[in-house]
Amino acid sequence: MTDTDTSTSLAAASTSKTLAGEPKGRTGWNRMLLGRDAIMIYVLVATILLFSVTVPRFASPVTTGFLLLDVVPVLLIAMPMTLIIITGEIDLSVASIAGLTSAVLGVLWQSGVGIVPALLISLMVGVVTGAVNGILIAVVGLPSLAVTIGTLALFRGLALVVIGDNAVANFPPELNAFVTSKLGATGIPTVMIIVAIVVLMFGVVLHFTPFGRGLYAMGYSKEAARFVGIDVERSKFWLYVACGVVAAIAGIYWTLRYSSARSDNAAGLELTVIAAVLLGGVSIFGGRGSVPGVVASVLLIGTINYALRLGRVSDVVLIIVTGTLLIVSVVLPSITAALARRRHERRMRHARPQGTTSGSVGA
Amino acid sequence: MTAVDESTTQRGPASAPSRLGGLLRARELPVLIALVALVLLTYLANPLFLSPQGVKDLLLNATIMIILAAGQTLVIVTRNIDLSVGSILGLVAFMTGTLFANSPGIPIWVVLLAGVAFGAVLGAVNGLLVTLAGVPALVITLGTLYIYRGLNNWWAGGTQYFADDRPDAFGALAVDTILGFPIITLIAIVAVAALAVYLAGARSGRDLYAIGSDPSAAVLFGIKVNRRVLFAFVANGLLAGLAGVLYAARFNSVGATTGTGMELNVVAAAVVGGVAIFGGSGSVVGAALGALLLTTITSALTAIRVDKFWQQAIVGALIIVAILIDRIAALRTARRLRLSEARDD
């Protein structure tokens with residue numbers, strides 16, 4: 001029976017969704033203090049404390065500033081990505097949308113368009129690209145993994161078409177200064193206000209609205225979600241539009257932060273974002289995950305990254321650490337779940353001759 | 001929907017009006033037509049495109065992607081995915097460079113075997129993690145993508161091996177031709193042919209489709225799912241290792257970043273070649289054609305002097321067209337099956 005359950009990733013997912021997705025008897029404070037989010041946050045705090053003590057110059061406002069400036073793009077895009085993965089879909093085209101936005105912003109600014117219209121049009125790029133993904137996935141009904149591999153190439157290609165090999169650099173100095181400015185002596189970048197608003201918006205939408213609960217329902221079972229009256233297609237469509245807009249904001253930030261609009265900006269960021277989201281406890285098969293967990297995970301990766309660089313440890317270690325964290329974070333719960341299941345089944349077998357688990361197939 | 005297996009459609013009653021549907025269902029055919037049309041149109045615009053040198057370049061450029069796409073097909077067919085192939089290729093390519101540089105006079109076949117074995121080991125790690133822990137392959141191989149790349153960075157550091165560091169005979173693999181085919185392309189063709197025969201003919205090959213179509217049903221049917229999935233990952237790693245060795249033969253330098261970002265192109269090639277992303281259908285020949293088509297576009301655009309910046313956008317559009325065709329074919333199949341079921345009643 002356990003062989004059946006762990007035999008394929010899909011079968012395992014459907015059972016872990018039904019078994020591990022349950023509150024496990026914990027409620028209220030107990031659950032809040034022992035849940036996966038809480039553990040992520042403990043790990044984050046412990047890591048920060050550890051580095052503060054062991055790494056010289058780590059505990060300073062300068063650290064806060066650079067660390068946060070570094071994680072902004074990942075943190076931004078991780079928000080809509082969390083919601084999308086909770087519905088059981090994925091978006092691989094986010095980094096390409098950021099790149100296309102950057103290219104459009106650069107070309108508009110270079111051709112003498114005012115900075116405000118240029119920024120607005122760049123945001124519209126996010127709306128349009130997100131809508132393209134949304135139409136292909138929600139309306140036409142194509143698999144999101146395949147569609148966004150296509151638009152990953154398409155949008156990056158369009159970025160190349162728009163700006164070519166050029167790089168536009170001479171953005172208004174005030175804007176560049178604003179992007180890297182800090183809130184007083186705290187070291188917290190001013191842009192974090194915008195990021196915090198985005199994070200709060202997605203957190204509230206996911207955890208406190210019927211729409212958000214609907215996303216979890218879609219992640220468990222699209223048919224069941226449809227049956228209880230959730231407009232699955234419309235929800236998916238707007239999620240992809242939101243994802244496009246946030247990716248565009250990240251692209252604009254990237255352009256102004258490095259004062260350079262290039263076609264290859266943010267290239268490869270999609271896998272970093274997805275790794276962070278999955279490390280934050282979001283199930284790749286949907287139905288499970290939360291915004292606080294993902295925020296903690298993004299900050300954790302950023303902190304380790306920054307501390308290693310301060311300690312002159314090469315990026316190599318960071319890459320290995322990220323990958324290992326990712327694998328351990330998904331393998332450990334599945335092993336404990338398998339052990340719990342085995343214990344449970346042994347008890348069931350004592351009670352009655354044959355216990356059966358449901359073979360429901362998700363995705 | 002896309003999980004409808006080809007074998008079930010073939011066994012269904014043949015209805016006359018679905019000739020076009022039949023053509024569409026042979027998923028390799030649209031790709032082949034697109035490929036032939038692309039080559040012909042480019043040839044008409046620039047006859048040099050089909051000169052012996054042009055053909056050789058075309059094949060050489062596609063060789064590595066063909067091997068990777070064929071391997072990836074094995075994994076995708078079982079409803080898994082392997083995102084770590086670019087990192088595996090990089091590690092093996094660097095190992096090839098190291099072997100030639102550190103032990104002069106080492107026979108080429110030893111290096112080839114070592115590379116293939118190393119790739120298989122890395123693939124086995126993926127496969128074991130996926131099957132034993134029962135964790136989604138996307139997450140596992142995203143993790144090993146980082147880990148393998150990190151190991152490569154750690155091992156290589158700033159070191160790079162160049163063409164001078166390897167024996168001439170090894171570099172000649174990518175230069176010499178037999179009947180117009182470069183030797184490394186022949187190796188790729190043999191590998192694809194072997195896989196195609198295995199997938200279509202062997203019982204265990206057909207099992208992979210069954211697993212991808214419906215994992216729970218495959219278990220009930222008594223298929224050793226874990227063993228087959230592990231095999232698919234090992235075979236894919238082995239092929240990525242082969243691609244790594246051939247990469248070292250073909251390209252001038254190997255270092256810490258060799259093969260970075262290749263994973264999504266490989267999946268894209270398989271998707272263009274008609275491999276359904278959620279398993280159960282597709283063929284290695286289709287995936288190989290998909291890889292050939294994607295790389296040919298690059299050469300074709302250069303040959304007809306289209307702005308090179310358009311190349312990636314066209315590749316992206318093509319991927320979307322390919323999955324649209326796939327979707328239409330699947331809908332037609334489903335409707336036909338429904339009709340034939342209705343007649344049986």
Side-chain angles (χ1 to χ4, degrees), chain A residues 3-14 16 90 92 136 140-143 145-147 149-158 160-161 164-165 263 267-268 270-271 274-275 278 283-285 314-327 330-331 334-335 338 359 361 363, chain B residues 1-2 78-81 83 129-140 142-151 153-154 157 211 214-216 218-220 225-226 229 260-261 264-265 267-268 271 276-278 307-320 322-324 327:
Chain A
D3 186 37
T4 313
D5 290 329
T6 53
S7 55
T8 65
S9 48
L10 197 92
S14 58
S16 67
I90 203 161
L92 291 174
L136 287 170
V140 186
L142 300 172
L145 189 61
V147 166
I149 284 176
T151 51
L152 169 114
L154 178 64
F155 297 154
R156 184 67 70 186
L158 290 179
L160 267 169
V161 172
D165 285 336
S263 64
E270 65 279 344
L271 293 183
I274 292 169
L278 298 180
S283 160
I284 191 74
F285 285 108
S314 64
D315 288 350
V316 175
V317 182
L318 170 82
I319 305 176
I320 298 181
V321 167
T322 311
T324 313
L325 275 179
L326 181 58
I327 290 183
V330 290
V331 169
S334 101
I335 289 176
V361 175
Chain B
M1 201 56 76
T2 44
T78 65
R79 212 184 265 199
N80 286 292
I81 197 165
L83 292 180
L129 283 169
V130 170
T131 51
L132 289 183
V135 173
L138 190 81
V139 189
I140 291 292
L142 185 57
T144 51
L145 174 149
Y146 286 110
I147 295 176
Y148 295 165
R149 177 63 56 198
L151 289 175
N153 277 333
W154 181 48
I211 294 167
D214 191 338
S216 340
V219 171
L220 290 178
V225 174
N226 276 349
V229 170
T260 308
L264 292 180
N265 291 337
V267 178
V271 167
I277 199 88
F278 291 121
D307 196 358
K308 67 174 174 171
F309 301 125
W310 277 98
Q311 170 201 326
Q312 205 174 4
I314 294 176
V315 167
L318 190 75
I319 296 169
I320 294 169
I323 50 176
L324 271 171
R327 172 76 174 171

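Only a predicted model underlies this, so the values are computations on that prediction, with no experimental measurement involved. Just so we're on the same page: letters track the sequence lines, and every chain starts at 1.
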Does any heavy atom of chain A fall under 4.5 Å from the side chain of Ile81(B), the backbone, both, or neither of them? side chain
What part of Leu325(A) gets within 4.5 angstrom of chain B, counting heavy atoms only: side chain, backbone, both, or neither? neither
Donor-acceptor under 3.5 Å (Arg156(A) side chain, Ser263(A) main chain): yes
If one checks every heavy atom of Leu145(B) against chain A at 4.5 Å, the contacting part turns out to be side chain
Considering only heavy atoms and a distance below 4.5 Å, find which of Leu83(B), Ile314(B), Val271(B), Leu142(B) pairs most often with chain A. Leu142(B)
At a heavy-atom separation under 4.5 Å, does Val140(A) approach chain B through its side chain, its backbone, both, or neither? both
Ranked by heavy-atom pairs below 4.5 Å to chain A, first place among Val139(B), Leu129(B), Leu138(B), Ile140(B) goes to Val139(B)
Going by the side chain to side chain contact (heavy atoms under 4.5 Å, CB included) test, name the single residue among Ile327(A), Ile320(A), Leu326(A), Val321(A) that passes it with Thr324(A). Ile320(A)
When Asp214(B), Val225(B), Asn226(B) are each screened for side chain to side chain contact (heavy atoms under 4.5 Å, CB included) with Val219(B), the one that passes is Val225(B)
Is it the backbone or the side chain of Ile284(A) that comes under 4.5 Å from a heavy atom of chain B, or both, or neither? side chain
Do Val161(A) and Gln312(B) have side chains that get closer than 4.5 Å, going by heavy atoms? no
Ile149(A) versus chain B, the contacting section by heavy-atom distance below 4.5 Å: both
Tell me, please, which residues at least two apart from Thr144(B) pass side chain to side chain donor-acceptor pair (under 3.5 Å). Asn126(B)
